[in-house]
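Report on the following structure.
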Protein chains: 2
Amino acid sequence: MCQSGAAHVLGAYASAVSPKSTPPAPAAPSLTERRKAATQLEIARAAADLFTELGPDATTTEAIASRAGVGLRTFYRYFRNKQDAVGPLLSVGGEHWRARLAATAPGTPLPEALAGAIAESLAVPDEATAAGLRQARGLLRAAADDPALRAVWYQVNQESEDQVRSVLAQLGDRSGEGGGGADPLDVRLAAAASTAAIRIALETWAETDADVEGPGSPADLALRCLRRLLPE
Amino acid sequence: MCQSGAAHVLGAYASAVSPKSTPPAPAAPSLTERRKAATQLEIARAAADLFTELGPDATTTEAIASRAGVGLRTFYRYFRNKQDAVGPLLSVGGEHWRARLAATAPGTPLPEALAGAIAESLAVPDEATAAGLRQARGLLRAAADDPALRAVWYQVNQESEDQVRSVLAQLGDRSGEGGGGADPLDVRLAAAASTAAIRIALETWAETDADVEGPGSPADLALRCLRRLLPE
DNA sequence: AGCCGCAGTGGCAATCTGTGCCATTGAGGC
DNA sequence: GCCTCAATGGCACAGATTGCCACTGCGGCT
């Protein structure tokens, strides 16, 4: 178990586990914290395996819980429902992306900041990250036949958009101190555009057999999409 | 009953009722057809009422069916689930939008075509349309507190995006006969950008008390959003 | 080391959701 | 008026969720 391939595409779900205790400082996660994260990942993996093997419909919640080695009741303490269980695996790189974005040097033009953060968060530094992307690809392909699973994908993206929106709002406040930050509508649009760029890049990539790196990779596609949507 | 306020925002759901029989020709809908449409709308209204009164969680499917005057079993013949029932009311104008878009004069620049169609589909020619928009606003506000309802909104938008995508693809084929149409990625991005423009316009409008027309209206906001996302 | 409070867990019971099956009924064509 | 068929309603059932309660190990205190 453990978080080996814990790469998250858009990372809206990771927060489900330890949102209260240590948001900013990466202080030593207590044993309990780490155990919870491992459990969540374990469940997510079990769900993803079963979903891709049998299809989401034929998979019972109990089967997921059982394969993950937890009680049914515990499953529902981690996830709202069956489909949500794969959320963390579809959130590949999202946390990374937002963190990188929040750390952008003040004064950087927005499109540039977004592009840099996207490039970095969709980069594939190790095999675990690559595996995470490939698993996401499998899920996206399964989603093509399953409305409920597709709904999770939409939700993951939308939550990512919301979070990016707040990151961008803070970023805006930080630079134009006097005026009170950027136009909320612009912030919203930038968040939507960049999230859509990543979403479409991943969807498009999932439809192909392109590698995780190089031309046709998620990072490549995402940057191309971003340029179209935010040419400013 | 009947389709008085049948205006649809993004209109992905309307097809749920009569997708087989009369898709193109608006031939005389048989009595049965009209009855079905009325039933669907009846259920949608019942659901919307209960959702906004009690909240989606506290509303049981049976209560919706009952208020709509149909059997529980029938409810499930019209909608996949509880939340989906309000889909038609959130799809305000979508059908209209796509139809208008499909009918665009060949040669019209894409951004212009999209803007024209959006302006027309979010226009408010009569009180019924206005009522439809206001009801959508109520649902969007309720969605703020309910993840499941929010999920329906995401889904409606996503389905609209998919449909717009195919309309745009055909539009592209129609003009550049020789080459085989526009770059699929571009089509996808244009569909995403225009759908997002409408989505964000409606979300933003729902947060305010602005009127259905004039500055701050859905149409006004949508066009502003579109200009930002598709300045080409 | 021994004790305590608490978070995380598992199990059970109850309610709600979603689907297959079958009989009934009214619409539309002959 | 008779026949065929789509639309409906009721029923039963498997699976999805949730409230409630007791059990157990982690982490802090004495």
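Residue numbers start from 1 in every chain, and the chains themselves are labelled A, B, ... in the order their sequence lines are given, proteins ahead of strands. Everything quoted here is computed from the prediction, not taken from an experiment.
Listed by chain and residue number, A/E161, A/V164, A/R165, A/L168 satisfy the side chain to side chain contact (heavy atoms under 4.5 Å, CB included) test with A/A191 (two or more places apart in sequence, or in another chain). Among residues two or more places apart in sequence or in another chain, the side chain to side chain contact (heavy atoms under 4.5 Å, CB included) test is passed with B/A151 by A/Q155. Every residue two or more places apart in sequence or in another chain that forms a side chain to side chain contact (heavy atoms under 4.5 Å, CB included) with A/Q83 is listed here: A/N81, A/A148, A/V152. B/R141 pairs by the side-chain hydrogen bond (donor to acceptor under 3.5 Å, both in side chains) definition with B/D209, not counting sequence neighbours. With sequence neighbours excluded, the residues satisfying side chain to side chain contact (heavy atoms under 4.5 Å, CB included) with A/V124 are A/T129, A/A130, A/L133, A/V212, A/E213. In this structure, the salt bridge (Lys or Arg N to Asp or Glu O under 4.0 Å) partners of A/E120, at least two apart in sequence or on a different chain, are A/R100. Residues forming a salt bridge (Lys or Arg N to Asp or Glu O under 4.0 Å) with A/E207 (at least two apart in sequence, or on another chain): B/R188.
Here D/dT17 is the nucleotide among D/dA7, D/dT17, C/dT17 with the atom lying nearest to any side-chain atom of A/L72. Comparing C/dT17, D/dA16, C/dT9 by their closest approach to the side chain of A/Y76 singles out D/dA16.
Atom-to-atom, CZ of B/F79 to P of C/dT17 comes out at 16 Å; the value is rounded to the nearest Å. Atom-to-atom, CG of A/N81 to P of D/dG15 comes out at 17 Å; the value is rounded to the nearest Å. Regarding A/K82, its NZ atom lies at a distance of 11 Å from the P atom of C/dG18, rounded to whole Å. To the nearest angstrom, P of C/dC16 lies 13 Å from CD1 of B/I64. Straight-line distance from the CG atom of B/D146 to the P atom of D/dT17: 14 Å, rounded to whole Å. Rounded to an integer number of Å, the gap from CZ of A/R34 to P of D/dC26 is 12 Å. Look at CZ on B/R80: it is 19 Å from C1' on C/dC16, rounded to the nearest Å. In this entry the distance linking CD of A/Q83 with P of D/dG15 reads 15 Å, nearest Å.
Between the side chains of A/E203 and A/W153, at least one donor-acceptor pair of N or O atoms lies under 3.5 Å.
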Cut-off 3.5 Å, no hydrogens considered: what does the side-chain donor-acceptor table look like for residues 51-59 of chain B, sequence neighbours left out?
from: B/T52; atom 1: OG1; to: B/A48; atom 2: O; distance (Å): 2.8
from: B/T52; atom 1: OG1; to: B/D49; atom 2: O; distance (Å): 3.0
from: B/T59; atom 1: OG1; to: B/L50; atom 2: O; distance (Å): 3.4
from: B/T59; atom 1: OG1; to: B/G55; atom 2: O; distance (Å): 2.9

Base, backbone or nothing for each nucleotide of nucleotides 21-27 of chain C, written B, S, -, heavy atoms under 4.0 angstrom, 5' to 3'?
B-----S
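Counting only residues at least two apart or on different chains, the salt bridge (charged side-chain N to carboxylate O under 4.0 Å, His left out) pairs with a member in residues 68-80 of chain A are A/R80-A/D84.
Near DNA chain C, defined here as any heavy-atom distance below 4.0 Å, there are no residues from residues 50-63 of chain A.
Between the axis at the start and the axis at the end of the helix from C/dA1-D/dT30 to C/dC30-D/dG1 there is an angle of 30°, using five pairs per end and rounding to 10 degrees.
With salt bridges taken as basic N to acidic carboxylate O contacts below 4.0 Å, none links B/R35 and B/E42.
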